[in-house]
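Reviewing the structure listed below.
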Amino acid sequence: MVAEVRRTREGEEDEDRQEEAGEAARAKKQKLESSEITTATTTTVELSGTLLPHFEYDDDDEKEPTKANDDQVPEEEEEEEDDDRSRVVHRRNTEVRRDCPYLDTVNRQVLDFDFEKFCSVSLSNLNVYACLVCGKYFQGRGRKSHAYTHSLEAGHHVFINLQSEKVYCLPDGYEVNDPSLEDIRCVLNPRFARDQVVLLDKSKQWARALDGSDYLPGMVGLNNIKETDFVNSTIQSLMRVTPLRDFFLIPANYEKYKSPLVDRFGELTRKIWHARNFKGQVSPHEFLQAVMVASKKRFSIGVQSDPVDFMSWLLNTLHTDLGGTKKPYSSIIYKCFQGELEVVKEVQRRNVDKSENEENGSSNGDAAADEDKGNGSSAVLEEISKMPFLMLGLDLPPPPLFKDVMEKNIIPQVPLFNILKKFDGETVTEVVRPQQARLRYRVTRLPKYLILHMRRFTKNNFFVEKNPTLVNFPVKNLELKDYIPLPTPKDSEKLRSKYDLIANLVHDGKPGEGSYRVFVQRKSEEQWYEMQDLHVAETLPQMVALSEAYMQIYEQHT
């Protein structure tokens with residue numbers, strides 16, 4: 001009898017084990033089916049243009065428990081977690097509506113996408129949304145996110161994802177797909193088709209901002225954040241270089257290069273030339289932040305710098321970030337600005353021996369130098385080398401030390417052709433460092449865009465002095481072959497030595513205290529404009545030549 005009772009209990013235990021195993025198998029099957037449903041939903045979302053992709057951050061505040069915390073989850077909460085997972089899967093299939101009752105609350109006057117995309121609460125740049133009612137940035141849109149909280153507290157319901165450009169209504173969570181929002185997307189991320197880029201220099205059409213003011217695309221002012229006029233004038237000058245501008249207007253040309261500086265320069269270029277801006281000005285804040293990081297604070301907001309130094313650094317850095325090498329035409333920078341010089345360096349033999357003896361710490365060369373001196377002869381070593389350049393530095397004659405009869409300083413003038421003789425291959429330039437030598441320069445290859453730099457500032461042990469000499473230069477048809485010898489072109493090529501001025505950067509005031517402005521030409525009208533930060537005004541070509549030119553960009557005739 002006892003044995004029969006024992007067998008009965010064992011049978012019941014076996015049945016219990018089988019039932020438990022069956023329940024575990026069913027639970028596992030349901031879990032697999034749930035994952036399949038999630039995968040199918042994700043695939044559907046990827047294929048459908050009206051649904052959110054699976055990498056959207058709509059549920060970033062509803063994370064599943066980690067393995068480390070699985071043991072701490074009470075059994076009574078497992079069913080609630082399963083319900084949450086099912087709601088998450090359902091929410092990925094976000095509802096899309098064409099009509100939203102809150103679209104009339106969108107205020108385009110307060111929208112400004114020129115600043116860094118950081119959440120105003122958490123200061124994070126991940127998954128940032130802009131409130132289209134007040135213009136503030138918030139992170140996330142889940143139930144515990146800052147954007148969700150803002151929608152409840154402030155009663156603002158329309159938000160746009162600054163990365164995906166999708167618009168959502170919170171706290172309801174549905175996506176808004178309305179054609180009236182397209183202008184906001186265009187301001188957030190301006191776009192240009194290739195046929196539009198070709199017609200930019202032919203278009204004479206004005207654009208209108210939201211405040212009713214008119215502006216010309218490409219001729220918009222740049223906000224001076226603090227002592228950043230040297231950046232603004234340099235950027236406005238480069239915007240006149242057509243191949244460079246056209247390259248950066250199409251992001252597909254440089255999307256493979258992971259450089260924040262390249263991306264920000266391209267974004268700034270598109271905003272300057274965009275014809276659907278909400279305002280007739282652009283703030284280069286994001287570009288300046290990228291410059292500070294890339295230059296390791298060599299150029300920073302609030303510190304005045306030299307635009308020539310900034311131009312040189314910017315062109316070389318962009319060339320490197322675009323995958324450029326030492327070879328000619330290896331990047332859009334070299335295609336536009338790189339030329340070539342032949343440098344003839346003459347060094348006296350005794351100077352060479354002296355420098356070698358200083359390095360070796362020997363006095364044997366003193367006897368040889370004394371012997372050469374006694375004989376009245378010193379050998380001259382001549383070195384010939386080729387040197388690429390992106391800009392040419394021109395030396396100004398020293399200003400006069402005397403005053404005229406009116407007791408005023410005489411402001412001298414010099415023709416541009418006189419200071420261009422430095423590169424005729426015959427004029428000698430004396431240098432002291434790294435060793436005393438005589439240099440002669442000759443241009444062997446002209447670039448398509450020639451950058452000239454007038455050396456106005458000289459620094460000594462006590463202060464920086466500015467040379468006020470005016471340079472007389474032609475605005476059109478600068479013929480270089482009449483003043484400097486140029487190489488004979490090949491049979492199939494044509495000598496292109498005639499240039500037109502397209503940008504003239506000017507320094508006003510005392511050294512270290514003055515400001516920078518630039519004269520630029522709009523090709524479609526051949527009209528000159530004076531630009532200083534936010535100030536943009538028409539001017540006459542005669543006024544361009546009366547300024548203290550500091551840096552110029554000339555375009556080669558085709």
Side-chain angles (χ1 to χ4, degrees), residues 201 234-248 253 265 269 307-343 385-395 416-417 419-425 439-455 471 473-490 492-505 518 520-521 523 549-558:
D201 288 334
T234 304
I235 294 299
Q236 296 287 14
S237 301
L238 291 176
M239 291 298 102
R240 312 310 129 193
V241 181
T242 303
L244 184 71
R245 177 203 66 188
D246 294 351
F247 177 85
F248 281 98
N253 293 333
F265 185 80
T269 303
V308 173
D309 293 341
F310 178 70
M311 173 75 83
S312 177
W313 173 86
L314 179 63
L315 294 181
N316 283 285
T317 306
L318 288 176
H319 168 74
T320 303
D321 291 351
L322 289 171
T325 61
K326 294 183 178 180
K327 297 181 180 180
Y329 314 114
S330 56
S331 74
I332 187 63
I333 304 298
Y334 275 14
K335 289 178 182 178
C336 293
F337 302 107
Q338 191 187 40
E340 188 180 66
L341 286 176
E342 180 185 78
V343 183
S385 59
K386 295 292 183 67
M387 181 178 67
F389 70 88
L390 294 179
M391 67 173 64
L392 294 178
L394 304 178
D395 300 320
L416 177 64
F417 313 111
I419 57 180
L420 276 174
K421 290 181 179 179
K422 176 182 178 181
F423 301 99
D424 60 3
L439 301 178
R440 288 182 284 121
Y441 302 98
R442 186 173 71 89
V443 178
T444 56
R445 188 178 76 245
L446 287 171
K448 184 172 179 59
Y449 289 86
L450 179 64
I451 303 178
L452 299 180
H453 159 221
M454 288 70 175
R455 303 181 188 275
V471 179
F473 54 88
V475 175
K476 294 184 71 70
N477 299 324
L478 170 63
E479 183 58 83
L480 293 181
K481 70 177 182 180
D482 295 340
Y483 305 96
I484 58 177
L486 298 174
T488 304
K490 299 179 181 179
S492 59
E493 297 180 356
K494 178 183 177 182
L495 179 62
R496 294 184 174 89
S497 59
K498 189 174 291 187
Y499 286 81
D500 289 340
L501 183 68
I502 59 174
N504 181 38
L505 194 148
V518 63
V520 298
Q521 185 188 38
K523 286 187 177 181
Y550 186 45
M551 183 170 58
Q552 298 177 327
I553 302 180
Y554 285 86
E555 182 180 27
Q556 189 181 60
H557 283 199
T558 56

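Nothing here was measured: the structure is a model prediction, and the numbers come from that model.
- Interatomic distance, CZ of Arg496 versus CG of Leu486, reported as 13.5 Å (0.5 Å rounding).
- Ring geometry for Tyr334 against His319 counts as parallel: the plane angle stays under 30°, on a 0 to 90° scale with 60° as the upper cut.
- Qualifying side chain to side chain donor-acceptor pair (under 3.5 Å) partners for Asp246, counting only residues two or more places apart in sequence or in other chains: none.
- Between Lys476 and Leu501 the shortest side-chain heavy-atom distance does not fall below 4.5 Å.
- Separating the CG atom in Asn253 from the CD1 atom in Ile332 is a distance of 8.5 Å, to the nearest 0.5 Å.
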> Going through the distances and angles, do Val308 and Leu505 end up as a side chain to side chain contact (heavy atoms under 4.5 Å, CB included)?
Replying inline: CA-CA 10 Å; Val308 173; Leu505 194 148; over 6 Å; no

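- Separation of atoms CG (Leu420) and CG (Leu392) is listed at 8.0 Å; rounding is to 0.5 Å.
- Put simply, the side chain of Ser312 never gets that close to the backbone of Asp309: no donor and acceptor are under 3.5 Å apart.
- Residues Glu479 and Ser497 meet the side-chain proximity criterion, which asks for heavy atoms closer than 4.5 Å.
- Contacts of Phe265 classified as ring-ring contact (aromatic ring centres under 6.0 Å, His included), with partners at least two apart in sequence or in another chain: Phe248, Phe287.
- Contact annotation: the side chain of Leu416 approaches that of Met454 to within less than 4.5 Å [non-hydrogen atoms, C-beta and beyond].
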> Does the side chain to side chain contact (heavy atoms under 4.5 Å, CB included) test come out yes or no for Phe473 and Leu478, once each step is laid out?
Replying inline: CA-CA 8 Å; Phe473 54 88; Leu478 170 63; over 6 Å; no

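- In summary, the side chains of Thr242 and Lys523 do present a donor paired with an acceptor at a separation below 3.5 Å, with no hydrogens or angles considered.
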> For Met239 and Thr269, what are the C-alpha separation, side-chain angles and deciding distance, and is it a side chain to side chain contact (heavy atoms under 4.5 Å, CB included)?
Replying inline: CA-CA 7 Å; Met239 291 298 102; Thr269 303; 3.4 Å; yes

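- When each of Val518, Leu452, Asn504, Ile451 is paired with Met551, the side-chain contact (heavy atoms from CB on, under 4.5 Å) condition holds for Ile451 and for no other.
- Atom CZ of Phe389 sits about 12.0 Å away from atom CZ of Phe337, to the nearest 0.5 Å.
- Using a 4.5 Å heavy-atom threshold, the side chains of Asp500 and Asn477 count as touching.
- Pairing each heavy atom of Asp395 with each of Ile419, the nearest pair is O-CG2, 3.3 Å.
- If you take CE on Met391 and CD1 on Ile553, they are separated by 8.5 Å, rounding to the nearest 0.5 Å.
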Taking distance alone, no hydrogens or angles, what donor-acceptor pairs closer than 3.5 Å link side-chain atoms of residues 439-447 to residues at least two apart or in another chain?
{"unit_1": "Arg440", "atom_1": "NH1", "unit_2": "Gly425", "atom_2": "O", "d": "3.3"}
{"unit_1": "Arg440", "atom_1": "NH2", "unit_2": "Glu346", "atom_2": "OE2", "d": "3.1"}
{"unit_1": "Arg442", "atom_1": "NE", "unit_2": "Glu342", "atom_2": "OE1", "d": "3.3"}
{"unit_1": "Thr444", "atom_1": "OG1", "unit_2": "Glu340", "atom_2": "O", "d": "3.2"}
{"unit_1": "Thr444", "atom_1": "OG1", "unit_2": "Glu340", "atom_2": "OE1", "d": "3.0"}

>> Checking Leu480 against Lys498 for the side chain to side chain contact (heavy atoms under 4.5 Å, CB included) test, could you report, in this order, the C-alpha distance in whole Å, the side-chain angles of both residues, the deciding distance, and whether it holds?
In response: CA-CA 6 Å; Leu480 293 181; Lys498 189 174 291 187; over 6 Å; no

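- Between Ile333 and Leu315 the shortest heavy-atom distance is CG2-O, 3.6 Å.
- A side chain to side chain donor-acceptor pair (under 3.5 Å) with Tyr499 is found for exactly one of Lys448, His557, Glu555, Gln556, namely Gln556.
- Taking a cutoff of 4.0 Å between a charged side-chain nitrogen and a carboxylate oxygen, Asp201 and Arg240 do not qualify as a salt bridge.
- Between Arg455 atom CZ and Tyr550 atom OH the span is 9.5 Å, to the nearest 0.5 Å.
- Using modelled atom types, no side-chain atom of Ser331 and backbone atom of Gly324 make a donor-acceptor pair closer than 3.5 Å.
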>> As a quick check of understanding, evaluate side chain to side chain donor-acceptor pair (under 3.5 Å) for Gln552 and Tyr554, giving each step before the final call.
In response: CA-CA 7 Å; Gln552 298 177 327; Tyr554 285 86; 3.1 Å; yes

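- Put simply, the side chain of Asp482 does not reach to within 4.5 Å of the side chain of Phe417, judged on heavy atoms.
- Annotation: side chain of Phe247 is in contact with side chain of Leu322 (closest heavy-atom distance under 4.5 Å).
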